[in-house]
There are 2 protein chains.
Amino acid sequence: MQSSKRATTPQRIERSPGIKKIAEKLGISIGTVDRALHDRPGIHPDTKKRVMAAAAELGYRPNLAARFLKSGKGLTIAVCLPRAIAHFFDDVRMGVHRAAEAHGAMVELIDYSFSRFEEGEAAAVEEALKKRVNGIILVPGRPSHARPLIGKASRCNIPVVCIGSDADGTGRLVHVATDSFSSGALVGEFLGCLNRPLRRLAVFIGSRGTSDHSEKLRGIQDSVPRHIRLKTTWEVIEAHDNAREAQHLSEKLLDTSRGLHAVYVATANSLPVLQAMDRRSLLGRIPVITTDIYPELLPYLRSGKVLATVYQHPVSQGRIAFDALHRFLVTGVRPAERILLPPLLVMRSNLDILLERSRGWSRRSQGAQRSPESVCLKG
Amino acid sequence: MQSSKRATTPQRIERSPGIKKIAEKLGISIGTVDRALHDRPGIHPDTKKRVMAAAAELGYRPNLAARFLKSGKGLTIAVCLPRAIAHFFDDVRMGVHRAAEAHGAMVELIDYSFSRFEEGEAAAVEEALKKRVNGIILVPGRPSHARPLIGKASRCNIPVVCIGSDADGTGRLVHVATDSFSSGALVGEFLGCLNRPLRRLAVFIGSRGTSDHSEKLRGIQDSVPRHIRLKTTWEVIEAHDNAREAQHLSEKLLDTSRGLHAVYVATANSLPVLQAMDRRSLLGRIPVITTDIYPELLPYLRSGKVLATVYQHPVSQGRIAFDALHRFLVTGVRPAERILLPPLLVMRSNLDILLERSRGWSRRSQGAQRSPESVCLKG
DNA sequence: TTGAAAGCGATACCAC
DNA sequence: GTGGTATCGCTTTCAA
């Protein structure tokens, strides 16, 4: 009477094997299987080995829904980004958050923003490790500072995805970035199409020591000669991502050397250069290619004073980094060692349609609030 | 002895309210709450109203993990794509599958491929409706054929995402595409940068009746005059996405009219045009811009015989369509009415890095391996 | 070192 | 119409 046996309707849905099936197969309890699968203490090595073998044989994949349902906690991922170039890293952050939102409560992000002019990244990663996050997305502003911490994380089996700069050899999971060499080469190819003399070119970078910058330089220097017969003289200006320095150096360049045929600013630090050129009425006469998109650059693009800018897909970089990390955490599939995105040449014609989709810096808080309608920056 | 009361460790994890909380609040059972929330028969209207009110007040969101765990079935989404331009739609399909994979077993895709030269799309959608899928991703090859079915789906509360062509006014959820006007305008702007005469331009399209094609035409015709002083004569060739026709028409064009200054092929049907030009040694002398990327086009791009091609992000279109649909199904948030991607100018320098990431047609089966249930309508 | 069992939230039955 | 409850796969805790 008390136990009413009811005909258990045999569900025809074929489910993938779970820990129950493994336990059943081995004639042990699910608790033991769990201990084996999760490296928990208190299990006989032999038992563990048998469990792992059975799991592999059955093609066991943990049911994330059940795991989440029970534990009430999803994957926790630390997002360690510099505050530095706000418009860029805010877009990266937005990309990460948008991608994470697709998983609802099953993924939780923790933001750690830091100043790249301190040892912020190390502190951020350290903090994340203390919180025992499941994975880390990191933009190493100063790769050298971050290296030891990335190594530490990897040793703790906490995968680290690097965006922008790399830290190879540290055990990081993957490096996501736009291809710097292609960026430079693309600019060179574009300039080569212009049918103009290119005997004297100026390239503004931050520093030759930054591989992103030196690769862009290498790209354009490799590309231009393929399209231009005459030999080219290169003015390489290292402005160290500093606005005042960029202003000073560009004014000096413009005043001392005449006959510049094109300018390529390979970092986001282009505004001082443009202003200096504008004051000398050089814009519109000398072709200028910049990098990234930010509010102050828009009027230059719209008016044609800047021919094109190289867009580095900050939003996509964030999304791709998240997806690679998430996939690894969930399925164990390692992404490619390095994921490089193609640079995109943005001109007047495709500027607005681009802004409409990936406009992180024109809204206030992204990710949390979904703005009902699109805001247009006034240019 | 038999019932060992154990101190239920109070979990500190704050969970969002579930049906249990609603039931508790109203002093009814969870079964009743379930009936109310899912429009199931056999519930008093008043009770239902009270439940809905309580759910809204508590901010109830169904726990997808629990739902999936119990039902064993995830969301089912039909992917209805033409077999037509294989390299393009295979990439779209890949984008959809990649995005779906992120959700593991919680999302199941069913592929319906059809021939765009029959009423394949209607049959595909009809089939999907019969299977009671949760949502449909559709590329309407012949929008007019698809319209009634999209309307039917929408009336059944089955959201439909249109990729490429639109079917507005049918109740479809969202339209995902690259911006056709921008594509044309971008080509015009690029040609304008070349510092060459552009008095006589040829534009190859499929048909003026296809809005994608007419918009591209409008784009370039709007753009070129902004960069070129002299008036331009336009040769608009409608090749109806037919290789033989394109060959015939381009030979006729090239033989009768001399002094062409540039060629823009606004569809993927560019090979016959290129071959015709190549036979007359015109490539490399007349700037050519094409559309899309496919294996046979690569040598033309690599050799510089084609200056650039307009990439329409097939993979991204697939991903974005899936994400929008998934988000809607899960959270109820409607995407924007229309999602337009910026066209991307691909040249020699960024070609390889692009191929490396989105290379659907260079590999064999994509996604097929994942979905065992892959239905192919014959066309 | 292992077994047993209580739930997590939603579904789908059954019994009233 | 409504209440009750077994169940999904996993984690976690207690008992042995």
Original post:
Roughly how many Å is it from NZ in B/Lys25 to C1' in C/dG9, rounded to a whole number?
Top reply: 19 Å
Subject >> Whole-Å distance separating the CG atom of B/Leu69 from the P atom of C/dT11 >> reply: 11 Å
Original post:
Would one find a side-chain N or O of B/Lys20 under 4.0 angstrom from OP1 or OP2 of C/dC8?
Top reply: yes
**OP:** Side chain of A/Thr47 only, please: which of C/dT2, D/dT2, C/dC8 is the nearest?
**Re:** C/dT2
**OP:** Nearest whole angstrom, please: distance from the P of D/dT11 to the NZ of A/Lys70.
**Re:** 10 Å
Original post:
Rounded to the nearest Å, what distance is computed from the CE atom of residue A/Met106 to the P atom of nucleotide D/dC10?
Top reply: 13 Å
Original post:
Salt-bridged, B/Lys131 to B/Glu126, with N to O below 4.0 Å?
Top reply: no
Original post:
Does any N or O in the side chain of A/Thr47 come within less than 3.5 Å of the main-chain N or O of A/Ile43, such that one atom is a donor and the other an acceptor?
Top reply: no
Original post:
With respect to the side chain of B/Ile28, which nucleotide from C/dT2, D/dT11, D/dG3 is positioned closest?
Top reply: D/dG3
Original post:
A/Arg15 side chain N/O closer than 4.0 Å to the phosphate oxygens (OP1, OP2) of D/dG9?
Top reply: yes
**OP:** Taking the side chain as every heavy atom from C-beta outward, state whether A/Leu75 and A/Phe68 have any pair of such atoms under 4.5 Å apart.
**Re:** no
Original post:
Under 4.0 Å between a side-chain N/O of B/Thr32 and OP1 or OP2 of D/dT2, yes or no?
Top reply: no
Original post:
Is a donor-acceptor pair below 3.5 Å formed from side chain B/Arg35 to base D/dG3, judging by atom type as modelled?
Top reply: yes
Original post:
Cut-off 3.5 Å, side chains only: do B/Ser113 and B/Arg93 have a donor facing an acceptor?
Top reply: yes
Original post:
C/dT2 phosphate, OP1 or OP2: any side-chain N/O from A/His44 under 4.0 angstrom?
Top reply: no
Original post:
So which of B/Thr170, B/Val160, B/Leu129 actually passes side-chain contact (heavy atoms from CB on, under 4.5 Å) with B/Leu149?
Top reply: B/Leu129
**OP:** With DNA chain C as reference, determine whether B/Ala65 or B/Arg40 sits nearer its 5' end, using the nearest nucleotide of each.
**Re:** B/Ala65
**OP:** Mind checking A/Ile30 for me? I need base, sugar-phosphate or nothing, with any heavy atom below 4.0 Å counting as a touch.
**Re:** base
Subject >> Atom pair distance, as rounded to whole Å: NZ in A/Lys73 and C1' in C/dG9 >> reply: 18 Å
**OP:** Nearest-nucleotide wise, let me know which of B/Pro41 and A/Asn63 is further upstream toward the 5' end of DNA chain D.
**Re:** B/Pro41
Original post:
For A/Ile19 and B/Pro45, take the nucleotide of DNA chain D holding the closest heavy atom to each; which residue's nucleotide lies nearer the 5' end?
Top reply: B/Pro45
Original post:
If you look at every strand shown and take non-hydrogen atoms under 4.0 Å, does B/Gly18 touch a base, only sugar-phosphate, or nothing?
Top reply: sugar-phosphate
